[in-house]
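All ligand and atom numbering here is 1-based and tracks the order in the structure. All values below were derived from every heavy atom in this structure, side-chain atoms included, with hydrogens, water molecules and symmetry-related copies excluded.
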Amino acid sequence: MGRFDGRVAVVTGAARGIGFGTATRFAEEGASIAIIDLDETAAAEAAGRLPLADGAKAVGIGCDVSNGESVDAAVARVVDELGGIHILVNNAGITRDNLLFKMTEDDWDLVMNVHLKGAFLMTKAAQKHFVEQKYGKILNLSSVSALGNRGQANYSAAKMGVQGFTRTLGIELGPFGINANAIAPGFIATEMTDATAARLKMDVEEFRRLNAEANPVRRVGFPEDIAAAAAFLCSDEASYITGQTLYVDGGAKLG
Ligand code: NAP
């Protein structure tokens, strides 16, 4: 028996990286999964690779989380095709890094729209179902960058915004049987951090090695590390935890 037997989990930005790792873990524990990503072909291909339990289903849906119409259509499809919605992981994300004096208005708007507006729109669409059924789990992806990071004024503001959003969801939705929490990952080896290495003109392995040395556990994180924490926070074992942000960063920000 899995912790998510009979549950439907929606994970945004899950065609790869942390989102796919989390969707995989939820599938291993019995959930039916909706993989949401910009490109429907990539989402469907990822859904086809999930280790589904007997009777569980998966679907890949193309959706831009920063667009209200696209989000409403995607959530309606999830309910229609998978029979409901119980867990939402707001994971979709982008970076547009630059020092403040070089950062454009577009860099700012794009990052705010995907991380913050995207989480708002997805959560608003899902909570209607959660409130009706008096059950729901919401998990938002923040970042250690919320605490401040050179070249990431837009991203760090969005990721700290996610923490405030999560606390407010905890307050408003707790009485309806809904838990909302956030995970703030440290350095996780994905295409997002590989792209950062490329931008800094560094070799990917060297970039990972330097980031591993920068934290107490002396290794980088992997999507599985976030997926394990996500599975706990979205399970019924964590039903007395809400509004919290868990740093999963190998102790990187301990000082
Ligand atoms: P990733 O490998 O770049 O994957 C992000 C996924 O989100 C991509 O598939 C991307 O699609 C999708 N996406 C982007 N914009 C979207 C939109 N508007 N609507 C729907 N999907 C969209 O990133 P990751 O490293 O797995 O990161 C996942 C989350 O964790 C993000 O919120 C990130 O900020 C956070 N995080 C990551 C790290 C890290 O070290 N990796 C650390 C802290 C926090 P396309 O490929 O089509 O753009």
Side-chain angles (χ1 to χ4, degrees), residues 10-25 34-47 60-75 88-97 109-122 125 139-149 152 154-163 165-166 182-199 204 207-208 210-212 214-215 219-227 229-230 245-250 252-253:
V10 177
V11 188
T12 69
R16 65 177 197 225
I18 292 171
F20 184 70
T22 300
T24 300
R25 176 68 187 254
I35 287 199
I36 284 184
D37 214 296
L38 278 175
D39 176 2
E40 177 142 337
T41 308
E45 189 272 328
I61 299 175
C63 164
D64 176 356
V65 297
S66 66
N67 177 297
E69 280 179 23
S70 181
V71 162
D72 288 346
V75 171
L88 169 65
V89 181
N90 287 309
N91 167 83
I94 58 167
T95 52
R96 290 293 182 274
D97 298 352
D109 287 344
L110 269 171
V111 167
M112 289 299 156
N113 282 343
V114 176
H115 293 274
L116 269 182
K117 189 177 171 192
F120 160 69
L121 291 172
M122 284 297 305
L139 183 70
N140 299 319
L141 269 290
S142 178
S143 167
V144 289
S145 295
L147 302 172
N149 198 25
Q152 291 197 315
N154 50 2
Y155 185 80
S156 60
K159 290 308 200 186
M160 193 48 105
V162 163
Q163 296 193 19
F165 179 61
T166 303
I183 290 177
F187 186 101
I188 309 297
T190 67
E191 287 185 40
M192 181 178 274
T193 42
D194 289 354
T196 307
R199 188 174 54 78
V204 165
F207 188 56
R208 289 182 184 181
L210 288 173
N211 275 282
N215 72 46
R219 70 167 175 89
V220 296
F222 296 97
E224 293 78 6
D225 292 307
I226 305 305
T245 296
L246 177 64
Y247 282 78
V248 181
D249 66 349
K253 290 288 178 185

Review point. Mind checking whether Ser142 has an N or O less than 3.5 Å away from an N or O of ligand 1?
Key: no
**Study point:** Under 3.5 Å side-chain donor-acceptor pair for Thr166 and Asn140
**Key:** yes
Study note, to complete from the structure: d(Asp97 CG, Ser156 OG) to nearest 0.5 Å is 9.5 Å
Practice item. Mind checking the CG-CG spacing from Asn215 to Asp249? Nearest 0.5 Å is all I need. Key: 7.0 Å
Point to revise | Test side-chain contact (heavy atoms from CB on, under 4.5 Å) applied to Thr196 and Phe207, step by step | key: CA-CA 9 Å; Thr196 307; Phe207 188 56; 3.9 Å; yes
Check your understanding: Taking the side chain from Thr12 and the backbone from Ile36, do they hold a donor-acceptor pair closer than 3.5 Å?
Key -> no
Point to revise | atom 10 (C) of ligand 1: the protein heavy-atom neighbour that sits closest, reported with distance to 0.1 Å | key: Asp37 OD1, 3.5 Å
**Study point:** Part of Cys63 within contact of ligand 1 (heavy atoms, under 4.0 Å)
**Key:** backbone
Check your understanding: Can you tell me which residue and heavy atom of the protein come closest to atom 42 (C) of ligand 1, and the distance to 0.1 Å?
Key -> Gly186 O, 3.2 Å
Check your understanding: Between Ser143 and ligand 1, does any nitrogen or oxygen pair lie at a separation below 3.5 Å?
Key -> no
Practice item. Report, in ascending order of atom number, the atoms of ligand 1 lying under 4.0 Å from any heavy atom of Thr193. Key: 39 (C), 40 (O), 41 (N)
Check your understanding: How far does CD1 of Ile18 sit from OG1 of Thr193, to the nearest 0.5 angstrom?
Key -> 8.0 Å
Study note, to complete from the structure: For Phe187, the ligand 1 atoms with a heavy-atom partner under 4.0 Å come out as 40 (O)
Review point. Between Val65 and ligand 1, is there a nitrogen or oxygen pair with a distance under 3.5 Å?
Key: yes
**Study point:** Distance, nearest 0.5 Å, that separates CG of Leu141 from CD1 of Ile183
**Key:** 6.5 Å
Revision key, fill the gap. Check: of Val248, Thr196, Leu38, min heavy-atom distance to atom 16 (C) of ligand 1 comes from Leu38
Check your understanding: Quick one: does Tyr155 get an N or O within less than 3.5 Å of an N or O on ligand 1?
Key -> yes
Exercise for review: Say whether Ile188, considering both its backbone and side-chain N or O atoms, lies within less than 3.5 Å of an N or O atom on ligand 1.
Suggested key: yes
Exercise for review: Enumerate the atoms of ligand 1 whose separation from the nearest heavy atom of Gly17 is less than 4.0 angstrom.
Suggested key: 26 (O)
Exercise for review: Please indicate whether any nitrogen or oxygen in Lys159 is less than 3.5 Å from any nitrogen or oxygen in ligand 1.
Suggested key: yes
Check your understanding: Run the side-chain contact (heavy atoms from CB on, under 4.5 Å) check on Asn91 and Thr22 step by step: do they pass?
Key -> CA-CA 9 Å; Asn91 167 83; Thr22 300; 5.8 Å; no
Revision key, fill the gap. For atom 28 (C) of ligand 1, the closest protein heavy atom turns out to be Asn91 OD1, 3.1 Å
**Study point:** Taking atom 5 (C) of ligand 1 as the reference point, the nearest protein heavy atom with its distance
**Key:** Gly93 O, 3.8 Å
Practice item. Can you pull out the closest protein heavy atom to atom 6 (C) of ligand 1? Residue, atom name and distance to 0.1 Å, please. Key: Gly13 O, 3.4 Å
Check your understanding: Between Asp37 and Arg16, is there a salt bridge with N-O shorter than 4.0 Å?
Key -> no
Review point. What's the shortest distance from atom 15 (N) of ligand 1 to any protein heavy atom, and which residue and atom give it?
Key: Ile94 CG2, 3.6 Å
**Study point:** Element-labelled atoms of ligand 1 that are located less than 4.0 Å from some non-hydrogen atom of Asp64
**Key:** 17 (C), 18 (N), 19 (N)
**Study point:** From Leu147 atom CG to Gln163 atom CD, the distance as rounded to the nearest 0.5 Å
**Key:** 7.0 Å
Exercise for review: Side-chain contact test, heavy atoms from C-beta onward, threshold under 4.5 Å: evaluate it for Met160 versus Val162 and give yes or no.
Suggested key: no
Practice item. Look at atom 24 (P) of ligand 1 and say which protein heavy atom is nearest, naming residue and atom and giving the distance to 0.1 Å. Key: Thr190 OG1, 3.7 Å
Check your understanding: Does an N or O anywhere in Asp39 fall below 3.5 Å from an N or O of ligand 1?
Key -> no
**Study point:** Closest protein heavy atom to atom 46 (O) of ligand 1, given as residue, atom name and distance to 0.1 Å
**Key:** Arg16 NH1, 2.9 Å
Check your understanding: Closest approach of Lys159 and Ser143, non-hydrogen atoms and distance?
Key -> CG-CB, 3.7 Å
Practice item. Indicate yes or no: does an N/O atom of Ile18 lie under 3.5 Å from an N/O atom of ligand 1? Key: yes
Revision key, fill the gap. CZ of Phe187 to CG of Asp225, rounded to nearest 0.5 Å, is 12.5 Å
